Amino acid sequence: MAEKVTPRDVDYSKWYTDVVLQAKLADYAPVKGAMVIRPNGYAIWEAIQANLDKMFKDSGHVNAYFPLLIPESFMHKEAEHVEGFSPECAVVTIGGGQELEEPLYIRPTSETVIWSMYKKWIMSYRDLPILINQWANVLRWEMRTRLFLRTSEFLWQEGHTAHASYEEAEEETVKILNIYKTFAEDFLAIPVIAGKKSESEKFAGAMHTYCIEAMMQDKKGLQAGTSHNLGQNFAKAFEVQFQDKQGELNHVWATSWGVSTRLIGALIMAHSDDRGLVLPPKLAQRPVVIVPIWRGDDEKKKVLEFADQVHSELKQKYNVIFDDREQYKPGFKFSDWELQGIPLRIEIGPKDVAKEQLVLVRRDNLQKQFINRQELLVKVDEALSDMQIDLLEKARQFRDDNTHVKDDYKEFQATLDQSGGFIKSHWCGSAECEARVKDDTKATIRCIPFDEPQEKGHCVVCGKESSQRVIFARAY
RNA sequence: CGGGGCGUAGCGCAGUCCGGUUAGCGCACCUGCCUUGGGAGCAGGGGGUCGGAGGUUCAAAUCCUCUCGCCCCGACCA
């Protein structure tokens, strides 16, 4: 606890790891690339799950669970899918002490098992749509891992839907992307750019992939969620057909979409500071901590009595931490809870008891506010909702300040090297120019934004005609 | 897989080059006192197969060989 968090401008990677470990969000597990999500971190995931799950249910989706192990033959049915995932799959070859007849893949994602089942469940258009989501773990054998951002095993939700037409699947894909965007901004307080992935960045096996892209405090991009229109690829691979109203047999149209525990990494890198975690109030299971302060038994009695009343009132509405530990001084407690990202601290000392007031300190700006005892609930509500709004606004400002419009390739490169951030440039649409940028600068096309105005221009690399700008950035 | 770094108490490290008391320090932990408006202080205390195996030696944390693991940077990726 006494150890300090490495400041961001000294070493951003170290800072990130320090925050994760010291805020007790996660810890390294015995297996390389694996992590333990500790209670503080898991509470964030539960908050993400609870809110997103509600949004899914509200839009007609239901939850189910499919198995962890996938027969090898399934993995090979969809050509692009195999190619995309084979290298990073773990395979079970022995069971019950005997070599298995067919090796079993540990799911890197569940399209194949799920579509093998959809084949059994779908006969006619009356069986459609199927709007299933599952909360699960998946495994991908990663070369380089980082806590939350990329671990071999991670938790996510994966939605897998089946539709009667391309249009309906497309509508679903976009609908989900909007849910992700709303969630990211309203709950995580992370502004995101919604758009489409380029051919080379899209999901293996998809017709096209949509995504939301966020900017972290080191100005690197981070993909926060994806939604795929899978077309009929999986339906064809698994021979899933339905009879339409006219009696014709057609292959089913599919989507899949997901967000993962990576969102926790995004959350940390978007808002936290050199004192530790900064958690948006809406995601804090314990948004308030009360720290009583006293000197001597007489004061202790009065302060605790007063603080206890405050606690009782507040706990009707919030999950409150009442930190009356005697072995620590207030200064220590302040730092401790700041490190763990508790959004709002209430300090109550003898002076406050005398004046019937208390002190509110917001985690994001650390400003002290003296409020009247009577205003408690109103002011706490206000502080928490203001903080939620301010975090989003601050992040949006940061992103906009670090987004550059460039038309000249030399300037494009120089900007990436000197200041980083998002670069909006014209792109002709060719994989060659995209690859050239990646080779030259390590930046990739994060997305082709939906709400970017159509304007005539010239590809920043080759000069060919282009109709809109895309987002380039170095990314996680 | 390539490059770099590192395994000594729960954590962070010193000691290793140049072998030699009982392996040490800071933090954390336990007991007591004292403290409490920004990470207190004093006193006492517990805790170690020095990553593992083999070798050299009168003697190995230290030298040699092999081995296991982790972290960081790259190629790959949500």
Side-chain angles (χ1 to χ4, degrees), chain A residues 1-5 11-14 16-18 21-22 27-35 83-89 108-109 138-158 180 197 200-204 206 209 211-214 221-228 256-266 275-276 291-300 303-304 323-339 345-354 357-359 361 366 368 370 438-439 442 444 446 475-476:
Chain A
M1 207 80 65
E3 48 213 291
K4 293 274 185 187
V5 173
D11 185 340
Y12 191 83
S13 297
K14 185 77 163 50
Y16 175 79
T17 308
D18 283 354
L21 296 177
Q22 291 186 38
D27 204 350
Y28 294 106
V31 176
K32 178 180 161 68
M35 71 169 176
E83 204 179 315
F85 279 110
S86 284
E88 44 184 308
C89 285
T109 177
V138 286
L139 187 82
R140 299 178 188 178
W141 212 259
E142 298 290 349
M143 295 298 173
R144 253 189 73 203
T145 56
R146 293 192 68 190
L147 295 167
F148 289 115
L149 295 176
R150 177 166 299 106
T151 47
S152 293
E153 181 186 357
F154 58 92
L155 304 182
W156 76 349
Q157 58 68 215
E158 46 179 327
Y180 286 161
K197 281 292 187 194
S200 52
E201 296 279 332
K202 75 168 195 193
F203 174 73
T209 292
C211 63
I212 51 172
E213 292 286 329
L222 183 133
Q223 179 175 308
T226 50
S227 179
H228 315 289
S256 72
W257 28 273
V259 298
S260 71
T261 35
R262 177 179 238 204
L263 287 180
I264 297 173
R275 288 170 182 258
V291 179
I293 300 156
W294 68 81
R295 197 190 305 263
D297 286 346
D298 193 41
E299 282 184 6
K300 177 179 168 185
V303 166
L304 283 182
D323 189 358
D324 58 354
R325 292 178 293 177
E326 304 209 9
Q327 69 269 39
Y328 297 115
K329 292 174 60 175
F332 176 90
K333 295 177 182 175
F334 297 167
S335 307
D336 193 23
W337 297 118
E338 281 166 5
L339 181 59
R345 174 172 80 238
I346 298 179
E347 301 176 9
I348 300 174
K351 295 177 207 162
D352 305 310
V353 176
Q357 64 169 27
L358 23 88
V359 183
V361 186
L366 298 168
K368 289 197 177 189
F370 295 85
K438 192 172 179 182
D439 284 349
K442 288 175 191 158
T444 50
R446 299 320 304 157
Y476 281 95

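Because the structure is predicted, anything quoted here is derived from the model rather than measured. We name chains A, B, ... by the order of the sequence lines, and we start the count at 1 in each one. Both backbone and side-chain heavy atoms feed into the values below; hydrogens, waters and symmetry mates do not.
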Please measure how far the P atom in B:rG38 lies from the corresponding atom in B:rG44, and state the result in whole Å. 30 Å

Does A:D297 have more than 12 heavy atoms from other residues, nucleotides or ligands lying within 6.0 Å of its CG? no

Are the side chains of A:C211 and A:T226 in touch, meaning some heavy atoms are under 4.5 Å apart? yes

Can you find a pair of side-chain heavy atoms, one from A:E201 and one from A:T209, that are under 4.5 Å apart? no

State whether the distance check finds a donor on one side and an acceptor on the other, under 3.5 Å, for side chain A:R275 versus base B:rG39. no

Across the strands shown, which category fits A:K14 at heavy-atom distances under 4.0 angstrom: base, sugar-phosphate, nothing? nothing

Across all strands shown, which nucleotide pairs with B:rG54 by Watson-Crick or G-U wobble geometry, both distances under 3.5 Å? B:rC64

Who pairs with B:rC77 - Watson-Crick or G-U, where each distance is under 3.5 Å: none

For the side chain of A:K329, counting heavy atoms from C-beta on, which of B:rC29, B:rA40, B:rG39 is nearest? B:rA40

Do A:M35 and A:T145 come within less than 4.5 Å of each other through their side chains, counting heavy atoms only? no

Which whole number of Å gives the distance between the P atom of B:rU8 and that of B:rC13? 9 Å

Considering only atom C1', compute the distance from B:rG46 to B:rG32 and round it to an integer number of Å. 15 Å

Could you tell me how far apart A:F332 (CZ) and B:rC27 (P) are, to the nearest whole angstrom? 13 Å

Take the protein atom CG of A:D297 and the nucleotide atom P of B:rC33, then report the distance between them rounded to whole Å. 13 Å

Provide the Watson-Crick or G-U wobble partner of B:rG24, both distances under 3.5 Å; none if there is no partner. B:rC13

Contacts of A:Y476 meeting side-chain contact (heavy atoms from CB on, under 4.5 Å) (sequence neighbours excluded), chain-then-number -> A:Y12, A:R146, A:L149, A:M216, A:D218, A:K220, A:L222, A:R262, A:M269

A:W337 atom CH2 is separated from B:rG38 atom P, nearest whole Å, by 19 Å

Output the rounded distance in Å from CD (A:Q22) to C1' (B:rG12). 11 Å

For B:rG69, which nucleotide is its Watson-Crick or G-U wobble mate, given both distances must be under 3.5 Å? B:rC6

So does A:D352 reach the base of B:rG37 with its side chain, donor to acceptor, closer than 3.5 Å? yes

Rounding to the closest angstrom, what is the interatomic distance between B:rG41 and B:rG5 at atom C1'? 38 Å

Rounded to whole Å, CG of A:L147 lies from P of B:rC70 at a distance of 14 Å

So A:Y328 and A:F332, would you call those rings parallel, tilted or perpendicular, with 30° and 60° as cut-offs? parallel

How is A:P292 classified with respect to the nucleic acid when contacts are heavy atoms under 4.0 Å: base, sugar-phosphate, or nothing? nothing

Please classify the nucleic acid contact of A:V359 as base, sugar-phosphate, or nothing, using heavy-atom distances under 4.0 Å. base

Nearest to the side chain of A:K351 - B:rG38, B:rU36, B:rG37? B:rG37

Residues forming a side-chain hydrogen bond (donor to acceptor under 3.5 Å, both in side chains) with A:T444, sequence neighbours excluded: A:R446

Calculate the interatomic distance between A:F334 atom CZ and B:rG38 atom C1'; express it in whole Å. 6 Å

Nearest-angstrom distance from the residue atom CG of A:D18 to P of B:rC11: 16 Å

Whole-angstrom distance between B:rC17 and B:rA60, as gauged at atom C1': 15 Å

Which letters describe nucleotides 71-78 of chain B, given B = protein heavy atom under 4.0 Å from base, S = only from sugar-phosphate, - = neither? S-SBB-BB

Reckon A:R325 touches a base, only the sugar-phosphate, or nothing at all at heavy-atom distances under 4.0 Å? nothing

Gap in Å between the two P atoms, one belonging to B:rG48 and one to B:rC72, rounded: 30 Å

Going by heavy atoms in the side chains, are A:I348 and A:V353 under 4.5 Å from each other? yes

From CD of A:Q327 across to P of B:rC29 the rounded distance in Å is 8 Å

Gap in Å between the two C1' atoms, one belonging to B:rG47 and one to B:rC11, rounded: 13 Å

Would you say A:K333 places a side-chain N or O within less than 4.0 Å of OP1 or OP2 belonging to B:rG39? no

Assign A:E338 to base, sugar-phosphate, or nothing according to its heavy-atom contacts below 4.0 angstrom with the strands shown. base

C1' atom, B:rC34 versus B:rU16: distance in rounded Å? 43 Å

Are A:V5 and A:R275 side-chain neighbours, meaning at least one heavy-atom pair lies under 4.5 Å? no

